[in-house]
Amino acid sequence: QQPVQSPQAVILREGEDAVINCSSSKALYSVHWYRQKHGEAPVFLMILLKGGEQKGHEKISASFNEKKQQSSLYLTASQLSYSGTYFCGTEIDQAGTALIFGKGTTLSVSS
Amino acid sequence: DAGVIQSPRHEVTEMGQEVTLRCKPISGHNSLFWYRQTMMRGLELLIYFNNNVPIDDSGMPEDRFSAKMPNASFSTLKIQPSEPRDSAVYFCASSLGGPEQFFGPGTRLTVL
């Protein structure tokens with residue numbers, strides 16, 4: 001079951017904040033976040049595990065609400081380099097199973 | 001260190017032709033994944049291998065697609081015969097069993 005990401009696209013100016021959500025209809029074991037810049041391969045940002053704590057990567061952090069089967073990615077004081085498409089990937093049962101990715105959220109940051 | 005290597009980077013072929021995509025994972029990695037990316041469907045997992053053994057091929061769209069991993073350093077994804085709807089970017093990724101998957105640069109396939 002493919003997770004649903006929202007919004008589909010976000011347009012920001014440098015310094016502004018954004019939140020990207022990832023929701024699943026099934027109970028999740030973990031949520032993985034990747035960023036893909038235009039014409040490049042996806043790059044791993046972080047993983048959030050069931051029962052784990054909120055994670056951070058530079059000014060990008062994420063949370064995982066197990067009860068709601070939802071994860072949120074927080075981009076604070078956005079920089080031009082944050083532009084790209086953000087994907088969440090979910091594991092349902094346990095670590096080491098295949099990831100199912102959402103369709104992505106495209107973030108555009110301008111100066 | 002070299003990352004995941006994929007070849008060719010671009011492939012243009014005609015409907016009905018056989019297409020073979022190649023992947024060399026990062027040395028020492030024991031899991032390998034093949035993904036297909038399109039605007040409509042996003043990033044879809046086609047198949048993944050663990051220690052050269054196919055674990056889950058439920059994402060392979062139909063019998064026209066096949067994948068092999070004859071050894072730890074090489075994998076192929078074959079489409080025979082190819083169709084225009086197979087046009088997409090195909091990514092190979094590898095991991096060391098942990099959460100982080102390292103993606104290759106992708107192969108952009110166009111089937112005319």
Side-chain angles (χ1 to χ4, degrees), chain A residues 1-9 20 22-24 26 28-53 55 57 60 62 64 71 84-107, chain B residues 2-7 9-10 21 23-26 29-51 53-61 67 69 88-110:
Chain A
Q1 205 80 356
Q2 188 176 41
V4 177
Q5 289 187 233
S6 62
Q8 285 187 309
I20 299 171
C22 174
S23 297
S24 173
K26 293 196 171 186
L28 299 176
Y29 176 82
S30 68
V31 179
H32 304 223
W33 286 97
Y34 283 75
R35 177 172 62 201
Q36 183 180 28
K37 292 184 180 283
H38 183 68
E40 299 181 7
V43 174
F44 176 79
L45 291 176
M46 67 188 79
I47 177 176
L48 295 105
L49 297 172
K50 182 178 176 180
E53 57 195 31
K55 289 289 190 71
H57 174 80
I60 302 173
F64 180 17
S71 178
T85 300
Y86 290 79
F87 294 95
C88 68
T90 56
E91 284 181 307
I92 295 176
D93 295 323
Q94 59 186 5
T97 56
L99 287 179
I100 303 173
F101 283 97
K103 289 190 176 181
T105 296
T106 300
L107 177 71
Chain B
V4 175
I5 299 172
Q6 291 187 247
S7 64
R9 294 293 307 277
H10 301 272
L21 311 181
C23 174
K24 176 178 169 56
I26 293 173
H29 283 192
N30 60 351
S31 294
L32 183 139
F33 307 82
W34 281 101
Y35 292 93
R36 177 173 67 178
Q37 186 174 40
T38 60
M39 289 295 292
M40 288 294 294
R41 300 170 73 92
L43 198 59
E44 300 175 279
L45 176 70
L46 299 176
I47 185 172
Y48 83 94
F49 295 84
N50 193 39
N51 294 323
V53 177
I55 302 300
D56 183 356
D57 65 354
S58 59
M60 296 286 262
M69 191 165 186
V89 179
Y90 290 81
F91 286 103
C92 173
S94 70
S95 75
L96 195 49
E100 183 172 1
Q101 294 182 23
F102 294 82
F103 282 74
T107 295
R108 182 173 294 277
L109 174 65
T110 302

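The sequence lines fix the lettering, A, B, ..., with proteins before strands; numbering per chain opens at 1.
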Problem set entry | Contacting region of B/Met40 [heavy-atom separation from chain A under 4.5 Å] | backbone

Exercise. Which distance, rounded to the nearest 0.5 Å, do you find between the CZ of B/Phe103 and the OH of A/Tyr34?
Worked result: 5.5 Å

Problem set entry | Nearest non-hydrogen partners of B/Arg41 and A/Gln2, listed with the distance | O-NE2, 3.4 Å

Problem set entry | Test item: A/His32 and B/Gln101 side chains (from C-beta on) under 4.5 Å apart, heavy atoms | no

Problem set entry | Partner residues of B/Arg108 under the salt bridge (Lys or Arg N to Asp or Glu O under 4.0 Å) criterion, sequence neighbours left out | none

Exercise. Where on B/Leu45 is there a heavy atom nearer than 4.5 Å to chain A: the side chain, the backbone, both, or neither?
Worked result: side chain

Problem set entry | Which portion of B/Gln37 sits near chain A, non-hydrogen atoms under 4.5 angstrom | side chain

Seminar exercise, completed: Honestly, the part of B/Phe102 sitting under 4.5 Å from a heavy atom of chain A is neither

For this session: Would you name the heavy atoms of B/Phe91 and A/Glu40 that are closest together and state the gap between them?
Result: CZ-O, 4.0 Å

Seminar exercise, completed: In terms of heavy-atom contacts, B/Pro105 and A/Ala41 come closest through CA-CB, 4.4 Å

Exercise. Is a side-chain N or O of B/Tyr48 found less than 3.5 angstrom from the main chain of A/Leu99, in a donor-acceptor match?
Worked result: no

For this session: Only counting residues at least two apart or in another chain, list the ones meeting ring-ring contact (aromatic ring centres under 6.0 Å, His included) with A/Phe87.
Result: none

Exercise. So does A/Lys26 have more than 12 non-hydrogen atoms from other groups sitting under 6.0 Å from NZ?
Worked result: no

Exercise. Considering all heavy atoms of both residues, which atom of B/Pro99 and which atom of A/Phe44 are nearest to each other, and what is their separation?
Worked result: O-CE1, 4.1 Å

